[in-house]
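Values below: every heavy atom of this structure, side chains too, minus hydrogens, waters and symmetry copies. This structure is a prediction, so every number in the text was calculated from the model and none was measured. Residue numbers run from 1 in the order of the sequence given.
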Amino acid sequence: MKRPLGQKRWRVLPCDRIAADQLQLDTGLHPIIATLLVQRGITTSEAANEFLDPSLSRLHDPFLLPDAEVACERLKLALKNREKILVYGDYDSDGVTSAALWTRTLRSLGGIVDVFVPHRKRDGYDMRNAGVDQAKAKGVSLIVTTDCGIQRVDEVEYARENGIDVIITDHHTPNSSGNLPKAVAVVNPHRKDSIYPFPDLAGVGVAFKMGEALTRSLGYSVDSFRRSYLDLATIGTVTDIMPLVGENRIIVKHGLEALQNTKKPGLRALLEIAGYKEKTLDTRSIGFGIGPRLNAASRVDETQHALDLLLTKDDAEAQMLATRLNDLNTTRREITTKIVEEAMEQIASQGMHESKCLVLHGSGWPSGIVGLVASQVVKQFNRPCIVISMNEATGVGKGSARSIHPFNVFNAIDKCQPLLNEYGGHAYAAGLSINKESLEDFRDQMNHLANAELADEDLLPSIDVAAEISPDEITPQLLEELERMAPFGSGNHEPLFASRSVGLNNVLRLGAEKQHLKLMLRMEGVNRYDQVDGLWWNMAESYGDVLESGMSLDVCYAPQFNFWNGKRSIQVKIEDVKPPEW
């Protein structure tokens, strides 16, 4: 679909110039880096050093987590008495990596451990009574939930009545009533009474911290534990789109290196089949390569395949499972494309373009795909969206919500609690179950809440620009210091810059399907040729016939190094272009 240039607003972020100049003087950093740090609220040399050097020594004491000590004591008793432990996970990549982390940790400590990750359709999300029954039949006396459990009050009570203790380790938001399950321990940094300094851990982050606490409590090496499991903690943290600040930044910074050198056969096989075996890993490698393949298992088949991959110690099995996940991911992409097209048709046919919250539903839409569809709709219309897979036989729908920054979709859904069977999630991503007869009331209520909170300008697509710069400011020194600000992701987005009146020397199409664009930009002072390659991914269909050599453009981009044949050069990754002085 061809698009006119200049659809998005560019918002140049404010910066306290006095603070930035002082920080630059205090640290000797590049002035642009000082600006970026101040924009992130980092104004002292101490804070800058902590951010740019995210040392593992700065991880918080895990025993500050609520109920951490109680949980460790119960786990130590189970290990000592050779009790059978069940790790109860979730079906997304955060839940699967955290289940694998707990299982590997407890087994390495001599534990007798079973592990369960649910099938989306057959088992449903979170801990269920049926799972408790299965655990009891197998002689389990302790269940450890991971990335789930915080809202399972009745199920935890059911387990207790059946002689099974439960330890909850979760990071999801407790419901507004504050009624926590009466488990042996409820380890969740989002508890209202939590004093933990960093609440935004992923589910696997909570598992990682608790594994460290247990390891330390038993007198084993914490450094060895961290080296063993930073790879899993990093995958779950990135794929669950946790803010890459604080402890998450530390985990992912060191975890990317651990993943690059992982000894786990399943992860090695997955990196190879995703095309990252010989490449330096970054958060994009996980978000677009590793995560989708792990998630594909539960979206179109059995979650167990992903868990087996993360637990296997056999190279041949690892290769087989990685191939299967890769094939499932291809199937997942095909199904997603089809459902997105149907969702877009529903929006058009029902005239929902002006709705501030889009609530879509369809029968036959796989429940494992609707979250991806919601993300695509949000990207297209820049407004919160809930996509529901309706089972016509039962009259029950399973939905996934995605949102934009100004709208906390979990809080909104929480206010609709009387209309829902169950729900859970975060500020910008949530899941729910709803009966068909409640669907219209739910749509009306969500739009009422969105209308109250969202201004029209909140729905306009926009790009945050860190600074307007001259091309001759793009130097190797700047790029080297920019690399120290990585890893980039939620909460620490890769900084974008804008340069005005940039000449376009030529336009080429790249990719197997010619879906990408390479703009050869005239940027004086960057190199001796005054020309830089600008890569614009997946934009050939939209702008390939709009851009012509000889044009002058305002360009929004992220500068980066390109390594080719042993040589280093500067290129830019394009985010947007506009006619000059837009």
Side-chain angles (χ1 to χ4, degrees), residues 75 78-79 84-120 123 131 134-135 138 140 142-148 169 202-208 210-212 214-215 224-240 255 258-259 261-274 286 290-299 301-329:
L75 285 164
L79 293 171
K84 196 164 191 179
I85 304 169
L86 173 66
V87 173
Y88 201 120
D90 187 20
Y91 42 62
D92 68 0
S93 57
D94 186 17
V96 173
T97 52
S98 59
L101 193 155
W102 263 122
T103 302
R104 282 178 168 270
T105 299
L106 292 171
R107 285 177 179 171
S108 72
L109 296 171
I112 303 171
V113 185
D114 275 353
V115 57
F116 173 80
V117 285
H119 182 282
R120 282 180 184 261
D123 302 307
Q134 293 172 13
K138 293 180 179 180
V140 168
L142 176 62
I143 293 175
V144 179
T145 77
T146 185
D147 194 35
C148 63
T169 66
V204 74
V206 177
F208 180 78
M210 284 305 303
E212 178 179 321
L214 182 60
T215 299
S224 177
F225 169 83
R226 289 173 175 173
R227 287 195 301 271
S228 297
Y229 300 115
L230 275 166
D231 49 9
L232 292 174
T234 292
I235 293 171
T237 298
V238 172
T239 56
D240 219 40
L259 182 58
N261 301 297
T262 185
K263 293 180 172 60
K264 297 179 179 65
L267 289 180
R268 290 202 307 267
L270 198 59
L271 288 169
E272 180 175 3
I273 204 162
I286 296 174
I290 304 305
R293 287 169 171 81
L294 287 176
N295 276 323
S298 68
R299 295 192 191 283
D301 200 353
E302 291 280 351
T303 313
Q304 191 68 37
H305 301 319
L307 180 66
D308 289 344
L309 178 98
L310 299 180
L311 292 177
T312 185
K313 297 181 179 180
D314 180 79
D315 288 334
E317 182 184 27
Q319 290 292 335
M320 181 271 291
L321 288 167
T323 299
R324 181 154 196 170
L325 292 184
N326 194 59
D327 292 342
L328 291 174
N329 192 47

Determine the sole option in Ile112, Leu75, Val115, Leu101 for which the side-chain contact (heavy atoms from CB on, under 4.5 Å) test with Leu106 is passed.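 Exactly one option meets the side-chain contact (heavy atoms from CB on, under 4.5 Å) with Leu106, and it is Leu75.
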
Take Leu310 and Thr103 through the side-chain contact (heavy atoms from CB on, under 4.5 Å) test and state the conclusion after the steps. CA-CA 10 Å; Leu310 299 180; Thr103 302; over 6 Å; no

Closest heavy-atom contact between [X] and [Y]?
{"X": "Ala135", "Y": "Ile143", "result": "CB-CD1, 4.3 Å"}
{"X": "Tyr91", "Y": "Pro118", "result": "CB-O, 3.5 Å"}
{"X": "Leu311", "Y": "Arg104", "result": "O-NH2, 3.6 Å"}
{"X": "Arg107", "Y": "Val113", "result": "NH2-O, 3.0 Å"}
{"X": "Gly236", "Y": "Val204", "result": "CA-CG1, 3.7 Å"}
{"X": "Asp315", "Y": "Pro265", "result": "OD1-CB, 3.3 Å"}

Start with the C-alpha distance between Phe208 and Arg226, add both sets of side-chain angles, then the distance that settles side-chain contact (heavy atoms from CB on, under 4.5 Å), and finish with yes or no. CA-CA 8 Å; Phe208 180 78; Arg226 289 173 175 173; 3.8 Å; yes

Could you go through Leu294 and Leu309, starting from their C-alpha distance and side-chain angles, then the distance that decides it, and tell me whether this counts as side-chain contact (heavy atoms from CB on, under 4.5 Å)? CA-CA 9 Å; Leu294 287 176; Leu309 178 98; 4.0 Å; yes

Contact check, side chains of [X] and [Y], non-hydrogen atoms, under 4.5 Å:
{"X": "Thr97", "Y": "Thr239", "answer": "no"}
{"X": "Asp92", "Y": "Asp240", "answer": "yes"}
{"X": "Ile85", "Y": "Trp102", "answer": "no"}
{"X": "Asp301", "Y": "Arg324", "answer": "yes"}

Interatomic distance, [X] atom [atom1] to [Y] atom [atom2] [nearest 0.5 angstrom]:
{"X": "Arg268", "Y": "Asn261", "atom1": "CZ", "atom2": "CG", "result": "11.0 Å"}
{"X": "Leu328", "Y": "Arg299", "atom1": "CG", "atom2": "CZ", "result": "12.0 Å"}
{"X": "Leu325", "Y": "His305", "atom1": "CG", "atom2": "NE2", "result": "8.0 Å"}
{"X": "Thr237", "Y": "Leu230", "atom1": "OG1", "atom2": "CG", "result": "9.5 Å"}
{"X": "Ile235", "Y": "Ile290", "atom1": "CD1", "atom2": "CD1", "result": "6.5 Å"}
{"X": "Met210", "Y": "Glu212", "atom1": "CE", "atom2": "CD", "result": "10.5 Å"}

Check the pair Leu232, Leu267 against side-chain contact (heavy atoms from CB on, under 4.5 Å), reporting the backbone distance first and the verdict last. CA-CA 9 Å; Leu232 292 174; Leu267 289 180; 4.2 Å; yes

Are Thr262 and Asp231 close enough that a side-chain donor and a side-chain acceptor fall under 3.5 Å? yes

So, the side chain of Asp94 versus the backbone of Gly203: is there a donor-acceptor pair under 3.5 Å, distance only?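 Pair found, side chain donor or acceptor close to backbone of Gly203.
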
Looking at Leu259, is its backbone amide N or carbonyl O close enough to the side chain of Lys264 to form a donor-acceptor pair, meaning the two atoms are under 3.5 Å apart? no

